[in-house]
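None of these values were measured; they are calculated from a predicted model. Counting starts at 1 for both ligands and their atoms, following the listed order.
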Amino acid sequence: MNRLPDGFLVAIEGLDGAGKTTLAQALVERLEKEGFLVLLTRQPGGTSFGEKIRRLLHDAEKRPVPLAEYLLFAADRAEHMETTVLPALREGKIVISDRMSDSSLAYQGYGSGVDKDFIGLVNAKALQGRKADLTIYVRLAPEAVQTRIGARGKEKTSFEREHGLFFARVAEGFDMLYREPRSNLCVLDAMLAPTVLAEQAYAALDALLHKQLHESRDR
Ligand code: TYD
C-alpha cells in the first residue's frame with residue numbers, strides 16, 4: 001500500500017455537466033489499482049447531514065437568497081471537512097472531492113454576487129486552513145451546460161434550471177480563479193473523451209504524488 005503521511009486532497013471543479021463525477025470515478029479506479037487508499041466524496045453531501053443540505057438545496061422550488069444559500073454550502077463544508085475529509089487524510093488516504101470551496105466562489109460569488117472576500121474567509125474557516133493539494137478544473141463552455149444536463153434525462157436541480165447568463169458568470173468566475181498556471185492546478189477541456197480526460201488528470205496527479213512520496217521518504 002502507498003500511504004502518504006499527510007494524505008492528499010484533490011478537488012474537482014467545473015460547471016454542471018462538465019463530467020467531474022465520471023472523471024472522479026475513473027481516478028479512484030486507477031489509484032486503487034496503483035495501491036493507494038482512496039476516499040471519493042463530494043460537496044455538497046459526503047456526510048448524512050450534508051446529504052440533507054444537498055437535498056434541501058437541490059429540491060428547492062426557488063433558490064434561497066444568495067447569502068442563505070452560501071451559508072448552507074459552508075455548513076455542509078465545515079461538517080464534511082471535520083468528520084470525513086480530515087480523518088481520511090490523517091489515515092494517509094487520497095481524498096477526491098467532487099467539488100469543494102471554489103464552487104462557492106464561482107457560483108455564489110461570481111454567479112450570485114455574494115461578497116467574495118467573505119466567502120474566502122468562511123471557506124478557509126470551514127476547511128480549517130487545509131487547501132487542495134491538486135485542483136482539477138474541467139473547463140466547459142457555459143453554452144454547453146444545458147445540452148449536457150438535458151442529455152442526462154434526469155429531473156433538473158434548482159441550479160440546473162438556471163438561465164444561461166448565470167452559467168456565463170459562473171464560468172467567468174472559474175476562469176478567473178484558475179487563470180494563473182500553478183503546479184497544483186490542472187485545467188482540462190471538458191470536450192475531450194472521458195478516457196483522455198482521465199489520462200491527463202492522472203498524469204498530473206501522479207507527478208505530484210510521486211513528488212510527495214519522495215519528499216516523505218527523505219524526511
Ligand atoms: P451536483 O448534483 O453535485 O452537480 P454536479 O454533478 O454538477 O456537481 O450539484 C451541486 C450543485 O450545487 C451544482 O449545481 C453546483 C452547486 N454548488 C454551489 O452553487 N456552490 C457550492 O459551494 C457547491 C459545492 C455546489
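Taking both residues in full, the closest heavy atoms of Leu15 and Arg99 are given as C-NH2, 3.8 Å, listed atom of the first, atom of the second, then distance. Across every non-hydrogen atom of Ser101 and Leu127, the tightest pair is OG-CD1, 3.4 Å. Here the closest non-hydrogen pair linking Ala18 and Arg148 is O-NH1, 3.6 Å. Residues Glu32 and Val38 approach most closely at CG-CG2, 3.8 Å, considering heavy atoms. Of all heavy-atom pairs spanning Ser216 and Pro5, the tightest one is CB-CG, 3.4 Å. When all heavy atoms of Phe73 and Ser104 are compared, the closest pair comes out as CB-OG, 3.9 Å.
For atom 10 (C) of ligand 1, the nearest non-hydrogen atom of the protein is His58 NE2, 3.5 Å. The shortest contact between atom 13 (C) of ligand 1 and any protein heavy atom is with Asp16 OD2, 3.3 Å. With respect to atom 16 (C) of ligand 1, the closest heavy atom belonging to the protein is Phe73 CZ, 3.8 Å. Residue, atom and distance of the protein heavy atom nearest to atom 8 (O) of ligand 1 are Arg99 NE, 2.7 Å. The closest protein non-hydrogen atom to atom 20 (N) of ligand 1 is Gln108 OE1, 2.8 Å.
Because its NZ or CZ atom is both nearer than 6.0 Å to the ring centre of Phe166 and within 45° of the ring axis, Arg63 counts as a cation-pi partner of that residue.
Within the 3.5 Å criterion, the main-chain N or O of Glu162 finds a donor-acceptor partner in the side chain of Gln146.
Looking at Tyr107 next to ligand 1, no N or O pair under 3.5 Å apart turns up. Note: no N/O pair closer than 3.5 Å links Glu69 and ligand 1 by distance alone. Distances between N or O atoms of Arg54 and those of ligand 1 include at least one value under 3.5 Å. Not one N or O of Glu160 is nearer than 3.5 Å to an N or O of ligand 1, by distance alone. Considering backbone and side-chain N/O of Arg77, one or more are found under 3.5 Å from N/O of ligand 1.
Less than 4.0 angstrom separates some heavy atom of Gln43 from each of these atoms of ligand 1: 24 (C). For ligand 1 and Ser104, the ligand atoms under 4.0 Å from any heavy atom of the residue are 21 (C), 22 (O). When each atom of ligand 1 is checked for a heavy atom of Lys20 under 4.0 Å away, the hits are 5 (P), 7 (O), 8 (O).
Using a 4.5 Å heavy-atom cutoff, the side chains of Leu27 and Ile94 are not in contact.
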